[in-house]
Amino acid sequence: GTSHLYRLVLKPDNTVRVEIDEEQVYEGSLKEDWEVLKPKEIADPDDKKPDDWVDDSMMDDPEDKKPADWVDEDQKRIVDESAKKPDDWDDEEDGEWEAPMID
């Protein structure tokens, strides 16, 4: 019978070249084109997303509620009712007076 020379050239970037009798018959990616490593997860051909699936990475929970003792930032500070407009305050020059806020 006739003998043949088979050569597999594996490169550092995981590409591969196959030669038979010094003639190239294949060149490509070892990772993408060959099943060398077992897949980490076996693909289920019957697996599908539910009809109501949402592809957004973040979404609001419609049943989410704040705790009873939650304090919003705008409710944390209140107007100081005891503050009075200074006698030397000029609305035209200083603008409309607003009472200071307290925590």
Side-chain angles (χ1 to χ4, degrees):
T2 307
S3 62
H4 295 279
L5 174 65
Y6 294 90
R7 181 182 296 161
L8 176 80
V9 181
L10 180 60
K11 299 177 185 174
D13 63 352
N14 283 336
T15 56
V16 66
R17 184 175 70 235
V18 177
E19 298 173 357
I20 300 174
D21 294 332
E22 296 185 3
E23 184 179 320
Q24 180 177 314
V25 292
Y26 170 80
E27 185 167 18
S29 171
L30 184 66
K31 247 181 178 178
E32 295 172 13
D33 299 339
W34 295 37
E35 292 183 27
V36 177
L37 302 173
K38 282 196 260 180
K40 292 183 180 181
E41 189 174 309
I42 299 172
D44 182 1
D46 298 327
D47 192 21
K48 63 179 183 169
K49 292 182 183 179
D51 294 334
D52 61 346
W53 187 266
V54 178
D55 279 324
D56 297 339
S57 61
M58 299 287 285
M59 60 187 246
D60 293 330
D61 182 358
E63 297 177 18
D64 190 25
K65 294 183 177 84
K66 292 181 181 178
D69 60 344
W70 184 268
V71 178
D72 283 323
E73 287 297 316
D74 57 339
Q75 295 173 348
K76 201 186 276 189
R77 297 175 51 92
I78 58 171
V79 175
D80 185 1
E81 298 294 333
S82 64
K84 293 185 175 36
K85 183 176 176 179
D87 294 333
D88 61 343
W89 190 270
D90 183 4
D91 285 337
E92 286 184 23
E93 191 174 302
D94 299 324
E96 185 179 339
W97 184 79
E98 293 178 8
M101 305 292 278
I102 57 174
D103 292 329

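Within a 6.0 Å radius of CG in Asp87, no more than 12 heavy atoms belonging to other residues, nucleotides or ligands are found. In this structure, Lys31 places its NZ atom where only 12 or fewer heavy-atom neighbours from other residues, nucleotides or ligands lie under 6.0 Å away. Surrounding CG of Asp51 are at most 12 heavy atoms belonging to other residues, nucleotides or ligands under 6.0 Å away. Surrounding CG of Leu8 are more than 12 heavy atoms belonging to other residues, nucleotides or ligands, all under 6.0 Å away. Residue-environment remark: CG (Asp44) exceeds the threshold of 12 foreign heavy atoms within 6.0 Å.
In the hydrophobic clustering of ILVMFWY residues, with side-chain heavy atoms under 4.5 Å counting as a link, Leu30 and Val9 come out apart. Hydrophobic cluster membership differs between Leu5 and Tyr26, with clusters built from Ile, Leu, Val, Met, Phe, Trp and Tyr side chains linked at under 4.5 angstrom.
Checked for salt-bridge contact, Glu27 and Lys11 meet the test: a charged N lies under 4.0 Å from a carboxylate O. Glu63 has no carboxylate O lying under 4.0 Å from a charged side-chain N of Lys65, or vice versa, which leaves the two without a salt bridge.
Summarising the geometry of Val79 relative to Ala99, their closest heavy-atom pair is CG1-CB, 3.5 Å, with the distance given to 0.1 Å.
Summarising the geometry, atom CG belonging to Asp88 is positioned 10.0 Å from atom CD belonging to Glu93; distances are rounded to the nearest 0.5 Å.
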Could you go through the side-chain contact (heavy atoms from CB on, under 4.5 Å) check for Leu10 and Arg17 one step at a time? CA-CA 7 Å; Leu10 180 60; Arg17 184 175 70 235; over 6 Å; no
Show, in sequence, the C-alpha distance, side-chain angles and deciding distance for Asp21 and Tyr6, and conclude whether the side-chain hydrogen bond (donor to acceptor under 3.5 Å, both in side chains) test is met. CA-CA 6 Å; Asp21 294 332; Tyr6 294 90; over 6 Å; no
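Side chain of Asp60 to main chain of Pro62: no donor-acceptor pair is present (N/O by atom type, distance under 3.5 Å, no hydrogens or angles).
Lys85 pairs with exactly one of Asp90, Asp94, Asp91 by the salt bridge (charged side-chain N to carboxylate O under 4.0 Å, His left out) rule, that one being Asp91.
A perpendicular orientation is assigned to the rings of Trp97 and Trp89, their planes being inclined by more than 60° (bins at 30° and 60°).
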